[in-house]
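Letters A, B, ... mirror the listed sequences (proteins, then strands); counts begin at 1.
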Amino acid sequence: MSTEIEPRPQDVDVTEDELEALIGDRAIGRDDHLNAPGFVINPDDVQDVLFDLRDEAGFDHLSCLTAQQYQDRYESIYHLKKYVDPTQEVSIVVPTTLDQPVSQSAEPVFRTADWHEREAFDLVGIDYEGHPDPRRILLPETWQGHPLSNDYDQTKPQLVTLSEHENPIQPDHVDSESDTMFLNVGPHHPATHGVLHIKAVLDGETVLDVDPDVGYLHRCEEQMCQQGTYRHQIMPYPDRWDYVSSGLLNEWAYARTAEDLADIEVPEYAQVIRTMGAELCRIASHMLALGTFALDVYGDFTAVFQYAFRDREVVQDILEDLTGQRLMFNYFRLGGVAWDLPEPREEFIAQTRDFLDELPAKVDEYNDLITSNEIFQIRCVDTGILEPEVAKEYGCTGPVARGSGVDIDLRRDDPYGYYENLEWDVVTEDGCDNYSRVLVRMQEVEESAKIIEQCLDLLEEWPEDEREVQANVPRTLKPDADTEVYRAVEGAKGELGIYIRSDGTDKPGRFKIRSPCFHNLSALEQMVQGEYIPDLIASLGSLDIVLGEVDR
Amino acid sequence: MSRGETAESLQIAGPLQVGEPLLPERISDITGLGEFGVAGELTAAFLAAFLVGNLMLAMTGVAGPWAKRKITAAFTDRIAVNRAGPAGLFIIVADAVRLLSKENIIPEDADRPAYDLAPIVVASSAMLGFAVIPMGSGVQLADPEVGLVFVFAVAGIASLGLVMAGYASANKYSMLGGLRAVAQNVAYEIPLVVTGMSVVIFAGSLQMSTIVDAQTQTLLDLGIVSIPAWYALVNPFAFVLFLVANFAEVGRNPFDTPEAPTEIVAGYQTEYSSVYFVLIYLGEFLHIFLGGAIIATIFLGGPAGPGPEQLGIVWFLIKIWGVFMLTQWLRSAVPRVRIDQLIEIGWKGLLVLSFANLVLTAVIVGLIA
């Protein structure tokens, strides 16, 4: 056997020149983004180019697809990354004409493009040729027009009645001769974590196929953000995407993107506060994930759920002291945070330390109650399997990917905030099952506690005259026209990214949200085929989706 | 078994207060109804049944809206109902009014009258079982020789009610719940009965009062305290088996798959509202209590306990509530098993163990005798 192993394409750093050479003649222009080289290609070359980039250059993560309409053309932008190194990015820009917005589908290359392109079709109106399932995804099937296209009349209300819409309780849409049963799980069901509708095809108790129907909570957050000014009016919205206590993490996604776009430096002191706040949110979010997952497996609002909420409550109190709010924090500002730690400072720090001191005992309690429970183990080990390769294909990130052994964490791989200077570890588990995902979240709580501990030490010793919470940012921000940037942070659920194109005004020309839950949910169909109904519910719970973020 | 043999085996089993009157006879004696012949006896029997039935209903009334909430709250660091009356006890009245005044919504495609009968079958099958349970202090409605078989038989009727509810609701979740209920009951009824039979081998009778009397003997004399020969102590293995099979039989955690909220919404009872909902819930609680009563009777010495014999019924109720508390503890702390795992545990585990237990008991009893 040869000892020389050909390095995998992902592991090799690709320079811009090499990319240019790889794409070659197929590039009809350049459209560089702030942090990624951008290549313009013809709509017919999409699969060709993406295959090359994936197989030759190792770009195995289709992070986001942004579709938008200009005065003279439509544009689809594929934001590609590598799972091993998310700082290596490339954008593939595919323009199509106004009168014939047809572009080749990327679905054969990246499975995750399926939902991406459905969303692009739904909201902007680009057709993807060769797409296996060209339906609307967020809006009802009978909706007229595409809300983010230029000729859409946004003032005209649309009535979409149930009778016009596909009847959700129609008896069977499947072959009446077959032995299968069609079952609507949701939109009103005790275990759908919000308003989710899963169309399931069953053979007895075995799940043959699922088709998640999302969009019940769609508010077109992207459009709302496009109507707000960068400086103040957008920041409250991210709190409303993943609304179960991940607020600060979401705000950071916008803050990071906008700060990159407008070239704003954030004072270190503010970064430490941000880091601490974000990790508190992560603990709260993971506690909720743990509690609701236990609810799905245990079948009732049992002790575990209540304990998780009891402990989450402590975090909520700390966050309330810090930000003045329990749910919609609106605490970050471009260039820093709204205000310093609450006075009396010592009390706040002592209170937070108390929580951290009690945490190990609580985690032990959870391990006694949940992870070492034998019934829990037979329920969760080896169910809802998500192989690492499948997870990558579907664009899974966050604890879901890490539970499948995919070692990705933007806090470490694409550092921001104060994470670089702190001691902590990325947790991964190789089980690929529901059990691993629970373990990952429980260990991440402990890692977050480590981070908070270090932040508190720093904040305590920070010289009083250097406590600068906000940089000097102009009242009105007007980034240069046609600057484009895609930036992501590690949210509680995974890679939460935002794409902004500026149009020279004080409002974004295009604001696109890359929701981790959306992509994690798309992998559900792979996880539950052949499993039993209870495992369908458990797998859904282990994905820890929040419909506010899925639907946006 | 002939009459003579019964008497003989009874004598072997222990002291028997032969001819101790049952509750209907006592009532007819006290009220003088016995003088009116059969009609009088019948009235007395009705009165007795009315008393026992209402006792059980009252217990359910306390358990459902109040005790269950309080117990679960204690397990989960909460307070639960505390506004209406002392310790929130008046919530029972409030809930009764609320539940009964709700609109009874019946699905368009429901298969009637099966849909209407199911809740009644579920509730009444459990009630019937109490007819032969000796509750102490002379409270026992009837004492047939086949008492134990009778209890298992009538409790088993509940499965029929669940299936009826399942298919008649015209709801897929109900259907799944109904199917799960049958699969589960079939899988667990056999180990339940077989384990119950091992007690019969000890007692030598199916008659409830005989089984209770057999447990009044002393197992161990420790000077001041003498430990009675309760079958839970004589054969703890059978006791555990029976306990597990019983939880599966009445569909409590971790075996509550026929209802399985979060999976199949509420299983067979998804479509039931108002009075029907109350009846189904009543049935469920009665089944838990009946399960507790059977366990108390054949494993925990029935109404036996310290103090005068008149306190028998108090001890008996305490034992029933003990079993109820156990179900609530499990509900708060144990995850639900999956339906296929449940069936597997039943057929591959409990069934084999219960037969092993039966054979072992037979051998031991045979050797000693």
Side-chain angles (χ1 to χ4, degrees), chain A residues 169 171-172 180-186 188-193 200 202 204-207 291-311 313 365 368-371 373-380 383 434 438 531-538 540-541, chain B residues 68-69 71-80 107-109 170-180 182-184 244 247 251-267 270-271 327-345 349:
Chain A
I169 53 172
D172 286 295
T180 56
M181 176 164 95
F182 176 74
L183 186 71
N184 285 302
V185 181
H188 301 292
H189 187 277
T192 52
H193 294 249
L202 308 176
E205 289 259 351
T206 313
V207 179
T292 49
F293 181 65
L295 170 64
D296 288 340
V297 175
Y298 281 58
D300 250 317
F301 287 93
T302 58
V304 182
F305 180 84
Q306 301 292 351
Y307 288 1
F309 258 68
R310 175 196 65 193
D311 299 339
E313 191 60 25
E365 191 178 21
D368 284 347
L369 255 174
I370 311 175
T371 49
N373 184 316
E374 286 193 18
I375 299 183
F376 185 83
Q377 287 177 3
I378 61 170
R379 275 300 309 276
C380 296
T383 60
N434 291 343
V438 173
E531 303 270 11
Y532 292 97
I533 302 172
D535 291 335
L536 162 66
I537 303 297
L540 180 64
Chain B
K68 183 179 171 180
R69 288 176 180 169
I71 295 168
T72 314
F75 276 118
T76 55
D77 278 1
R78 292 180 296 118
I79 300 167
E108 212 171 61
D109 296 332
N171 178 316
K172 288 169 181 171
Y173 289 113
S174 300
M175 191 68 201
L176 283 173
L179 292 177
R180 281 182 177 192
V182 192
Q184 175 167 344
V244 174
F247 285 142
R252 294 296 102 196
N253 300 60
F255 307 113
D256 63 335
T257 46
E259 285 173 45
T262 74
E263 286 170 24
I264 51 172
V265 188
T270 306
E271 292 287 356
T327 63
Q328 296 308 307
W329 180 11
L330 292 174
R331 179 171 175 270
S332 285
V334 181
R336 179 195 304 131
V337 295
R338 212 167 52 207
I339 178 71
D340 61 312
Q341 292 165 343
L342 176 112
I343 302 296
E344 217 170 274
I345 295 169

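- Contact of the A:Leu202 side chain with the B:Lys172 side chain is not registered, since no non-hydrogen atoms from C-beta on lie closer than 4.5 Å.
- Remark: B:Gln328 engages B:Lys68, B:Ile71, B:Thr72, B:Phe324, B:Arg331 in a side-chain contact (heavy atoms from CB on, under 4.5 Å) (not counting sequence neighbours).
- Looking at residues two or more places apart in sequence or on another chain, you find a side-chain contact (heavy atoms from CB on, under 4.5 Å) between A:Gln306 and A:Phe301, B:Thr76, B:Arg78.
- Rounded to the nearest 0.5 Å, atoms CZ (B:Arg336) and CD1 (A:Ile375) are 11.5 Å apart.
- For the set A:Pro534, A:Ala538, A:Gly204, the count of heavy-atom pairs under 4.5 angstrom toward chain B peaks at A:Pro534.
- Residues A:Asn184 and B:Tyr173 come closest through the heavy atom pair O-OH, 2.6 Å.
- A distance of 9.5 Å separates OH in A:Tyr532 from CD1 in B:Ile339, rounded to the nearest 0.5 Å.
- More than 12 heavy atoms of other shown residues, nucleotides or ligands fall within 6.0 angstrom of atom CZ in A:Phe305.
- Side-chain atoms of B:Gln341 come within 3.5 Å of backbone N or O of A:Ile378 as a donor-acceptor pair.
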Handout entry: B:Arg338 vs A:Thr383, side chain to side chain contact (heavy atoms under 4.5 Å, CB included): CA-CA, chis, key distance, verdict
Key = CA-CA 11 Å; B:Arg338 212 167 52 207; A:Thr383 60; 3.4 Å; yes
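- Counting only distance, with no hydrogens or angles, the side chain of A:His189 and the backbone of B:Ile264 share no donor-acceptor pair below 3.5 Å.
- Heavy-atom minimum distance, A:Tyr307 versus B:Phe75: OH-O, 3.3 Å.
- Closest approach of B:Pro335 to A:Val297, counting heavy atoms only: CB-CG1, 4.0 Å.
- Most heavy-atom pairs under 4.5 Å with chain A: of the set B:Met175, B:Glu263, B:Arg180, this distinction falls to B:Glu263.
- Between the CG atom in A:Asp535 and the CG atom in B:Asp340 there is a gap of 7.5 Å [rounded to 0.5 Å].
- Interface remark: A:Arg379 contributes backbone and side-chain atoms alike to the contact with chain B (heavy atom separation under 4.5 Å).
- In terms of heavy-atom pairs under 4.5 angstrom with chain B, the leader among A:Leu295, A:Leu369, A:Leu536 is A:Leu295.
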